[in-house]
Structure formats: C-alpha cells, structure tokens
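Computed from a predicted model, the values in this text were never measured in an experiment.
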Amino acid sequence: MPVNRPPSPSPSRLHVGCGRVRLEGWLNLDLQDLPGVDLVVDVSRGLHFRDVEAVYAEHFLEHLDLDRAIAFLQDVHRCLGAGGVLRLSTPNLDWVWETHYSTASPPPERRVQGLRLNRAFHGWRHRFLWNRELLGDALEACGFRDLRWCRYGESERPVFRGIERHDTYQDRPDLPHVLIVEAEKGEPLPATLAELRDLLEREFLAFRDD
C-alpha cells in the first residue's frame, strides 16, 4: 500500500514517476515498488513536501486524467520553494498527429494509421496528450512563469542538463516528438486558473463518462 508521507527533512529534488530509472541525488518516487525507487507513493494524493528546489517528471503527465494533471501541477507549485523549478517531458500531440495519420493515404495504410494513432492516445495507459499551447496555458494558470521549451538533454540549468532517459524518435527542427518544458515557481493566478478550468470543463471534462 503506497505510503504518501515524505521522509524528514524534505528532499531538495524530486523525480516523480521514476519507474526503473533512478537519478542519483534525487528522491525517486513511483507508485510501484521497483528497483531504484526510494519512496513508493501515490502522487495523485498530493505531493506532501515543502521547499523543494527542483521537480522532474519524465513521461508522467500523459498518464494522468486531465483534471488530475492540473491538480498535479498545482501540487508541484505548492511544494516548490521560492525560485524552485519544474521540468516536464510529455509526448507532443502535434507530432503524434502529423506522423501517425494522413487522410491522403490509401485505405490500407489509413487502417494501420488509425490503429497506431489510437495506440498513441490510449496505449501504455496514456490518459491525455498535450500540445504546446495547452501545456503552456496550464503551467501559467497554475502559477509557473518563465517557461522555457527545451531540447532533449539540453538545459541552461545544470540540475536538469542531460537528465532525459526516454527513447527518442526522429524530430523535425520545428516539430519535436516530445514536449520538454522548464518553468519557475511564480505567484498563484486564481482568476487565470478559474478561466482555464472553465474551458477544460466546457470543451472536454463535461463529456467524460465516469
């Protein structure tokens, strides 16, 4: 049973959803008790840490329902200390769409493309795929500022440099297969967050069959 309590004192760096990928110098968190996991924890119950320097979540956000993803970003904002930073990586919806499906393809190819497109959305327990616009809006609405869109392994911050471990696919210069973004903790923006929640409810959440 996951225990959702941090060790004391609170760690300075959190690696959320680490799986089997252990990062030295980080507290490696995962729902499963896998080799390299420091703390088995269900972060959907919240991140009960304070004054954290950095949070890293690689290929994690897409496994959360949309409303839970927004709550997770709020939890990260809450647990970071002043000047704390977040780095996220998640599949790029634009890349998935452009590389997996084309209405100009002949029917036999579209048949396979349709399966592969749905696999990208629903395989590997994916719950929601993000494009840059949605992810940027969500981060800013949750109180993050100074967003920086990065390339694989690249960062101006030493703490995040060369940190990615996921498999890579062929990118175009203008179309990365994965969105990688860094953001710094800023002031909460409750009015902006309320507007975003209204949009998400109106255009997506209201149509879920829970």
Side-chain angles (χ1 to χ4, degrees), residues 2 13-44 47 54-66 68-70 72-73 76 85-102 105 109-136 138-139 144 147-183:
R13 300 175 183 176
L14 301 179
H15 179 201
V16 176
C18 64
R20 299 179 183 275
V21 179
R22 176 179 178 80
L23 296 178
E24 295 299 329
W26 295 70
L27 183 67
N28 297 275
L29 311 175
D30 201 272
L31 183 61
Q32 303 179 75
D33 188 8
L34 299 169
V37 174
D38 298 312
L39 183 63
V40 178
V41 60
D42 182 358
V43 299
S44 69
L47 283 169
V55 174
Y56 178 57
E58 181 178 17
H59 280 263
F60 172 76
L61 199 66
E62 67 272 16
H63 295 278
L64 300 178
D65 290 327
L66 179 56
R68 181 53 243 168
I70 298 299
F72 169 73
L73 295 179
V76 172
V85 289
L86 164 68
R87 182 173 172 112
L88 290 174
S89 75
T90 192
N92 183 358
L93 173 60
D94 291 352
W95 182 88
V96 169
W97 182 260
E98 289 204 21
T99 59
H100 284 60
Y101 196 80
S102 171
S105 299
E109 290 184 25
R110 287 206 306 277
R111 184 180 303 116
V112 175
Q113 289 173 351
L115 292 170
R116 290 177 178 172
L117 182 61
N118 274 281
R119 182 179 67 195
F121 275 91
H122 303 296
W124 307 283
R125 298 184 180 178
H126 288 178
R127 302 296 297 169
F128 190 87
L129 294 190
W130 297 80
N131 61 21
R132 177 167 169 164
E133 291 75 16
L134 274 173
L135 184 55
L139 286 165
F144 290 94
L147 274 59
R148 302 180 186 181
W149 300 93
C150 306
R151 307 296 292 186
Y152 186 98
E154 296 179 359
S155 177
E156 296 179 6
R157 297 181 171 97
V159 69
F160 290 136
R161 199 169 297 149
I163 203 169
E164 270 77 38
R165 298 292 187 273
H166 63 263
D167 294 336
T168 59
Y169 297 89
Q170 186 172 1
D171 285 340
R172 289 201 328 240
D174 62 329
L175 190 67
H177 72 283
V178 169
L179 297 171
I180 302 174
V181 60
E182 293 179 11

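Contact of the L86 side chain with the L73 side chain is registered, since non-hydrogen atoms from C-beta on lie closer than 4.5 Å. Considering only heavy atoms from C-beta on, L129 stays 4.5 Å or farther from W95 through its side chain. A 4.5 Å side-chain heavy-atom check between E182 and R87 finds at least one atom pair inside the cut-off. A 4.5 Å side-chain heavy-atom check between W26 and V16 finds every atom pair outside the cut-off.
With rounding to the nearest 0.5 angstrom, the CG atom of L93 is 14.0 Å from the CZ atom of R132. Rounded to the nearest 0.5 Å, atoms CG (N92) and CD1 (I180) are 10.5 Å apart. Note that NE2 of H166 is 7.0 Å distant from OG1 of T168, once rounded to the nearest 0.5 Å. Interatomic distance, CG of L39 versus CG of L31, reported as 11.0 Å (0.5 Å rounding). Atom CG of residue D167 and atom NE2 of residue H177 lie 8.5 Å apart, to the nearest 0.5 angstrom.
The two residues Q113 and S105 come nearest to each other via the heavy atoms NE2-OG, 3.1 Å. A69 approaches L61 most closely through the heavy-atom pair CB-CD1, 3.8 Å. Across all their heavy atoms, V43 and R68 have their closest contact at O-NH2, 3.7 Å. Taking all atoms of both residues into account, the shortest heavy-atom contact from G17 to D30 is C-OD2, 3.4 Å. Across E164 and G153, no two heavy atoms sit closer than the pair OE1-N, 2.8 Å. Here the closest heavy-atom approach between residue G19 and residue V37 is recorded as O-CG2, 3.6 Å.
Environment of CZ in R157: crowded, with over 12 heavy atoms of neighbouring residues, nucleotides or ligands closer than 6.0 Å. More than 12 heavy atoms of other residues, nucleotides or ligands shown are found within 6.0 angstrom of CZ on R161. For CH2 of W97, the number of neighbouring non-hydrogen atoms (other residues, nucleotides, ligands) closer than 6.0 Å is 12 at most. Within 6.0 Å of atom CD in E156, 12 or fewer heavy atoms from other residues, nucleotides or ligands are found, so the atom counts as exposed in its surroundings. Within 6.0 Å of atom CZ in R116, 12 or fewer heavy atoms from other residues, nucleotides or ligands are found, so the atom counts as exposed in its surroundings.
Not a single donor-acceptor pair under 3.5 Å links the side chain of H15 to the backbone N or O of G25. Without hydrogens or angle criteria, R165 side chain to I163 main chain gives a donor-acceptor distance under 3.5 Å. Under the 3.5 Å distance criterion, the side-chain polar atoms of H122 are left unmatched by any main-chain donor or acceptor of N118. The backbone N or O of H63 sits nowhere less than 3.5 Å from a side-chain atom of R125 that would complete a donor-acceptor pair. Checked by atom type and distance alone, the side chain of N28 pairs as donor or acceptor with a backbone atom of L23 at under 3.5 Å.
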**Request:** Mind running side chain to side chain donor-acceptor pair (under 3.5 Å) on E58 and S89 for me, showing each step along the way?
**Result:** CA-CA 5 Å; E58 181 178 17; S89 75; 4.6 Å; no

**Request:** Apply side chain to side chain contact (heavy atoms under 4.5 Å, CB included) to the pair L139 and L88, showing each step before the final yes or no.
**Result:** CA-CA 10 Å; L139 286 165; L88 290 174; 4.2 Å; yes

**Prompt:** Step by step, would you call H59 with V178 a side chain to side chain contact (heavy atoms under 4.5 Å, CB included)?
**Reply:** CA-CA 9 Å; H59 280 263; V178 169; 3.6 Å; yes

**Derivation of the side chain to side chain contact (heavy atoms under 4.5 Å, CB included) call for H126 and F121** = CA-CA 6 Å; H126 288 178; F121 275 91; over 6 Å; no

**Evaluation steps, side chain to side chain contact (heavy atoms under 4.5 Å, CB included), between L29 and L47** = CA-CA 10 Å; L29 311 175; L47 283 169; 4.1 Å; yes

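Ion pairing between a basic and an acidic side chain is recognised when a charged N comes within 4.0 Å of a carboxylate O; R148 and E154 show no such pairing. A salt bridge links R22 to D38: one of the charged nitrogens lies within less than 4.0 Å of a carboxylate oxygen.
For T99, there are no side chain to side chain donor-acceptor pair (under 3.5 Å) partners two or more places apart in sequence or in a different chain.
Relative ring orientation between F128 and W130 is described as perpendicular, the plane-to-plane angle rising above 60° on a 0-90° scale split at 30° and 60°. Between Y56 and F160, the ring-plane angle classifies as tilted under the 30° and 60° cut-offs.
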